[in-house]
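Just so it is clear, the model here is predicted, and its values are computed rather than measured. Just so it is clear, the values below take in all heavy atoms, side chains as well, and ignore hydrogens, waters and symmetry mates. Numbers restart at 1 for each chain; the letters A, B, ... are given by sequence-line order, proteins then strands.
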Amino acid sequence: MRIVFLGTPEFGVPSLKALVNAGYDVVGVFTQPDKPKGRGNKMQQSPVKECALSLGIPVYQPVKIRIDGVEDLRNLKPDLCVTAAFGQILSQEILDIPAIGTVNVHSSLLPKYRGSAPINWAIIQGEERTGITTMMTDKGLDTGDILLQKEMDILPGETAEELTVRMAPLGAELLIETIRRLENGNCPREKQNEAEMSYFPMLKKEMGEIDWRMTAHEIVCRVRGLTPWPGCYMLLDNGETLKIWKAEEMECEAMAPGTMISADPKAGLVIAAGKNAVRIAELQAQGGKRMNAKDYLRGHPLTHQVSVKREEENNG
RNA sequence: CGCGGGGUAGAGCAGUUCGGUAGCUCGUCGGGCUCAUAACCCGGAGGUCGAGGGUUCAAGUCCCUCCCCCGCAA
């Protein structure tokens, strides 16, 4: 069976490897174009591209596959396309190319958490359970028929980074099982229940700004869900920002959100939220590196208060 | 050559402007106080000041080169 794989970030790598290890003929890999990244704006290739190159598979990097990738895909004559966090929308023209269709590996229990960042959003929303869904891609956004699903727990305190690492191999496993059953003609296939669907948007930098009026639990979930990118940060009233890497909820009597309850190397950094308080365990200053809050406070006495929310004074 | 911050004891930092004995808060080790302690008191160990070169009587500090780390923007 000729398979074309479409994926970009780390999440897709185990699936690509699994296809090859399972003996499928992966005839081509599509991934996002190399982009200038980081200091010095050096060109950087996607994890999926690196993997494909190491496996000796031809790589295609159309800017928009539905425009300048159609010919290449058609020439590969795939029986099946597999997507795993590719990052581009597939047109009907693209979907019509593979004979069997296009299977997508999605990291949520569809129809919940449609969209491009399901792992992050599940954590932000405080879910304790999630899973992998394989589906037949259709023209909508994560709306295709569900093939197989596998549930898993979200561990207490787990970050999106950690959960992604655990989910990717599970996705690979479920992908292989899905293809096997498609080949054998015994793969279940079910329409999504639109009444139960939920959709969440792409992550944005601004989502990481802490609003101390939220409950401590909500803040901690947000920190976990946005780690490592885009990350959460708090604003000091001197204009500096501190990125928060690790935080936990602490019980505490009600007080004004944003109140700095403690900020010394012994007691740690504790700030009042809308309900309870948040103890910041690891943080990172601008230009600095990630460190324990207590270490930070040893060399940086925190005399400034935190701002509850930046836009507060604007929209009144 | 995208913009910027940084590398000083095990950790986090000051000192560099204007060259002149290596400091602070902790940790660690020893001693003391205490019913006791993450508290307090006394004492000790621990530094090629990122690397190399240059200027100088003298360089953490000034000049040149290089390495490494980080933030922003993408």
Can you check the distance between [N] and [M], where both ends of the measurement are the [atom1] atom (answer in whole Å)?
| N | M | atom1 | answer |
| --- | --- | --- | --- |
| B:G31 | B:A14 | C1' | 30 Å |
| B:C67 | B:A51 | C1' | 7 Å |
| B:U61 | B:C70 | C1' | 24 Å |
| B:A39 | B:G27 | P | 6 Å |
| B:A36 | B:G23 | P | 36 Å |
| B:C1 | B:A11 | C1' | 36 Å |
| B:G30 | B:C62 | P | 41 Å |
| B:U48 | B:C35 | P | 44 Å |

Counting any heavy atom closer than 4.0 Å, what does [X] reach on the DNA or RNA strands: base, sugar-phosphate only, or nothing?
| X | answer |
| --- | --- |
| A:Arg39 | base |
| A:Lys37 | base |
| A:Pro36 | base |

For atom [atom1] of [X] and atom [atom2] of [N], their distance in whole Å:
| X | N | atom1 | atom2 | result |
| --- | --- | --- | --- | --- |
| A:Tyr233 | B:A73 | OH | P | 9 Å |
| A:Lys294 | B:C13 | NZ | C1' | 18 Å |
| A:Asp264 | B:G27 | CG | P | 12 Å |
| A:Gln44 | B:A74 | CD | C1' | 12 Å |
| A:Trp229 | B:C70 | CH2 | C1' | 19 Å |
| A:Leu242 | B:G12 | CG | P | 16 Å |
| A:Gln286 | B:G5 | CD | P | 13 Å |
| A:Tyr296 | B:U25 | OH | P | 19 Å |

Please determine, by modelled atom types, if [X] and [Y] share a side-chain donor-acceptor pair under 3.5 angstrom.
| X | Y | value |
| --- | --- | --- |
| A:Thr134 | A:Thr178 | yes |
| A:Gln149 | A:Thr133 | yes |
| A:Thr241 | A:Gln286 | yes |
| A:Tyr113 | A:Gln125 | no |

For [N], which nucleotide in any strand shown is its Watson-Crick or wobble partner with both distances under 3.5 Å?
| N | answer |
| --- | --- |
| B:U61 | none |
| B:G43 | B:C29 |
| B:U48 | none |
| B:C3 | B:G71 |
| B:G23 | B:C13 |
| B:C18 | none |

So if I take every side-chain heavy atom of [X] and compare against [options], which nucleotide ends up nearest?
| X | options | value |
| --- | --- | --- |
| A:Lys205 | B:C72, B:C26, B:A11 | B:C72 |
| A:Asn41 | B:G2, B:A74, B:G71 | B:G2 |
| A:Gln284 | B:A11, B:C70, B:A38 | B:C70 |
| A:Arg298 | B:G71, B:A39, B:G12 | B:G12 |

Whether A:Arg114 and A:Glu194 form a salt bridge (side-chain N of Lys/Arg under 4.0 Å from carboxylate O of Asp/Glu) is what I want to check.
yes
Query raised in the report: Should the pair A:Arg222-A:Glu218 be classified as a salt bridge under the 4.0 Å nitrogen-to-oxygen rule?
Result: no
Nearest heavy-atom approach of A:Pro169 to A:Val165 is CD-O, 3.1 Å
Nearest-nucleotide check on RNA chain B, A:Lys266 vs A:Ala285; residue mapping nearer the 5' end is A:Lys266
